[in-house]
Asks: 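Starting off with a structure, shown below.
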Amino acid sequence: MAENSSEGSLYPAGVGAVSKENLPGYHRGVAATVLIVDDEKNIQVTLARALSLEGYRTEAAGSGQEALEKLAALPVDLVLLDVKLPDVDGLSVLERALRTRPGLPVVVMSGHGSIETVRQAFKLGAFDYLEKPIGERERLLAAVRNGLALRDLRAENDELRRVAGPGEMLGSSPVMQRLRELVRRAAGSEGRVLVTGENGTGKELVARALHDGSRRRDGPFVKLNCAAVPAELIESELFGHERGAFTGAVAARRGKFELADGGTLFLDEVGDMPPAMQAKVLRVLQEGEFERVGGQVTLRTDARVIAATNKDLLAEVSAGRFREDLYYRLAVVLVPAPPLRDRREDLPELCARFLAEACERNGRRPMSFTREALLALQAHDWPGNVRELRNVVERIAILADGPGLGAAEVTAALPGTRAPRTDRLREGAGFHELVEEAEREIVLAALTAHQDNVSDTARALGLERSHLYKKMRALGIKRGE
Ligand SMILES: Nc1ncnc2c1ncn2[C@@H]1O[C@H](COP(=O)(O)OP(=O)(O)OP(=O)(O)O)[C@@H](O)[C@H]1O
Ligand SMILES: [Mg+2]
């Protein structure tokens, strides 16, 4: 049995049957390493034994010097540090350890009555302290568990920030200022919010901001992608199930409404919610209660629902694809996320931030956009909005030589951009004349495409019929009349 191999000696006889992966010391299948720093051998041994029983790997150091050496050489996850050491002051070990390994959880151990030392230790960044002699095993284990949990949380936060970006809504254009104000007001209320907008406009970011700005900010933020739930799992996904409720339900599971209790449930891609799911969600929104699949107990949920879609949900209602009653339940407050082309003045700020992040992520030296590069970026239409911008900037950060980035680097990275046309320019022709020529060409082409039907042509060009007539008259076009 694997449990009895190299690490078998850590376990007393009889625990071999317990999978060690289930012990607290194991995290994602790997044993956490605790460095015990104490000059008393018997304390080293006692602590090591107590921790080993829980599955932790332990290392010991008898002096400050040895502690720092082991910290530098070994993958230590947490330190138990006696502040009274023979060679150096424990507090200076703490300080040096945290300078080289910021975020490392250090639990300080000190004798009775050294309150001042403990206070200093906390000031330096210690995570917790244990009073010596350490009589209570539970207190020791809790300190270690919490220290590691905190470290994981920090690592996860860093990871999230790295993957999802800073999660901060950038931009100070009037459009963004209005959005922020709307978010601020909506966040303060308990009303359900429907966030609308094209792909990549930051709808999820808005949903997060609504959660973070609400009194539920310390509660959970749970996301459900409505377009991606397999039909047979809809109920279980929303409401959870009891063990054995259906084939494959080997353990009870909480659904999203239960998980989001006290917090926010973010229904993403709500416009793609299948009809069966619409009916079930509607019921919870109306009644605030539900049952787990195969469950007898009726559960109540206090989850605030925020939904997002890139579809025109009212058009979906008219087309009979989205329930009207559900629409009005969800869309108490409407928050539209503006497309990037409506706030081009935010581009310099967004570009600078994304470029700095992309350079760091890809191990490139810092670069910056020249004025021409920014103008080229501002001229682009950004159908994929901020997500497209992030990708383009990332591409530039990887491919370009830098440090200064010009229009050429931008053009090379933009999808399908062509060099500006020069064939329209004519010696002696002014701007207005050229624009008129272009307009005439466009209107004639559109009329031809619609067999000279003015109503169809106007619709295709997105113009009022009367406006198109006026334009045709001004341009001297007689067709279609
Ligand atoms: N105002 C903003 N400031 C900074 N980053 C932003 C902003 N808006 C969007 N982003 C970034 O753009 C990307 C897309 O944002 P998000 O996922 O929120 O968009 P979405 O509207 O949900 O897109 P989709 O419709 O494709 O699901 C993310 O990386 C996000 O961090
Ligand atoms: Mg999204």
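In listed order, ligands and their atoms are each counted from 1. Remember, it's a predicted structure, so these values are computed and weren't measured experimentally. Every heavy atom of this structure was used, including side-chain atoms; hydrogens, water molecules and symmetry mates were not.
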Asks: Ion pair present between Glu237 and Lys256, side-chain N to carboxylate O less than 4.0 angstrom?
Replies: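 Salt bridge present between Glu237 and Lys256.
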Asks: side-chain hydrogen bond (donor to acceptor under 3.5 Å, both in side chains) with Thr298: which of Glu287, Glu289, Arg292, Glu291?
Replies: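 The side-chain hydrogen bond (donor to acceptor under 3.5 Å, both in side chains) with Thr298 is passed solely by Glu291 among Glu287, Glu289, Arg292, Glu291.
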Asks: Looking only at the side chains, is there a donor atom on one of Glu394 and Asn362 sitting less than 3.5 Å from an acceptor on the other?
Replies: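 Asn362 and Glu394 do have a side-chain donor-acceptor pair below 3.5 Å.
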Asks: Between Glu436 and Arg440, does at least one N-O distance fall below 4.0 Å, as a salt bridge requires?
Replies: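 Yes, charged N to carboxylate O under 4.0 Å.
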Asks: Is any side-chain N of the basic residue among Asp77 and Arg57 closer than 4.0 Å to the acidic one's carboxylate O?
Replies: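 The answer is no: the pair does not qualify as a salt bridge.
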Asks: Would you mind running through ligand 1 and noting each atom that sits below 4.0 Å from a heavy atom of Met176?
Replies: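 Near Met176, meaning under 4.0 Å from one of its heavy atoms, ligand 1 has 1 (N).
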Asks: Would you call Arg184-Glu181 a salt bridge at under 4.0 Å N-O?
Replies: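 Salt bridge: yes.
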Asks: At under 4.0 Å between heavy atoms, is it the side chain or the backbone of Glu168 that contacts ligand 1, or both, or neither?
Replies: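 The part of Glu168 near ligand 1 is the backbone, not the side chain.
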Asks: State whether the side chain of Gln177 and the backbone N or O of Ser172 hold a donor-acceptor pair below 3.5 Å, judged by distance alone.
Replies: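 Confirmed, Gln177 side chain pairs with Ser172 backbone.
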Asks: Have a look at ligand 1 and work out which part of Leu350, if any, has a heavy atom under 4.0 Å from it: side chain, backbone, both or neither.
Replies: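 Looking at Leu350 and ligand 1, just side chain atoms fall under 4.0 Å.
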Asks: Under a 4.0 angstrom heavy-atom cut-off, which atoms of ligand 1 come close to Gly202?
Replies: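 The atoms of ligand 1 under 4.0 Å from a heavy atom of Gly202 are 8 (N), 9 (C), 15 (O), 16 (P), 18 (O), 19 (O), 20 (P), 21 (O).
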Asks: Just let me know how Phe354 lines up against ligand 1, side chain, backbone, both or neither, with a heavy-atom cut-off below 4.0 Å.
Replies: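 Near ligand 1, Phe354 shows its side chain, while the N, CA, C and O stay back.
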Asks: So if I count the atoms of ligand 1 from 1 in the order they appear, which ones are less than 4.0 Å from some heavy atom of Arg343?
Replies: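 Contacts of ligand 1 toward Arg343, numbered from 1: 1 (N).
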Asks: Do any nitrogen or oxygen atoms of Glu204 lie less than 3.5 angstrom from nitrogen or oxygen atoms of ligand 1?
Replies: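 The answer is yes, given that Glu204 and ligand 1 share an N or O pair closer than 3.5 Å.
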Asks: Out of Arg387, Lys203, Arg353, Glu198, who gets a non-hydrogen atom closest to atom 14 (C) of ligand 1?
Replies: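 Heavy atom nearest to atom 14 (C) of ligand 1 belongs to Arg387.
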Asks: For Arg390, counting its heavy atoms only, list the atoms of ligand 1 lying under 4.0 Å from any of them.
Replies: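 Result: 29 (O), 31 (O).
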Asks: Taking 4.0 Å as the limit for heavy-atom contacts, which would you say applies to Arg180 with ligand 1: side chain only, backbone only, both, or neither?
Replies: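 No part of Arg180 is near ligand 1 at this cut-off.
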Asks: Leu170 heavy atoms, cut-off 4.0 Å: which ligand 1 atoms fall inside?
Replies: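 Near Leu170, meaning under 4.0 Å from one of its heavy atoms, ligand 1 has 1 (N), 2 (C), 3 (N), 4 (C).
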Asks: Look at Asp381 together with Arg344 and state whether they make a salt bridge at an N to O cut-off of under 4.0 Å.
Replies: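 Looking at Asp381 and Arg344, the cut-off is met.
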Asks: Answer with yes or no whether Gly200 contacts ligand 1, where contact means a heavy atom under 4.0 Å from a ligand atom.
Replies: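 For ligand 1, residue contact (heavy atoms, under 4.0 Å) with Gly200 is present.
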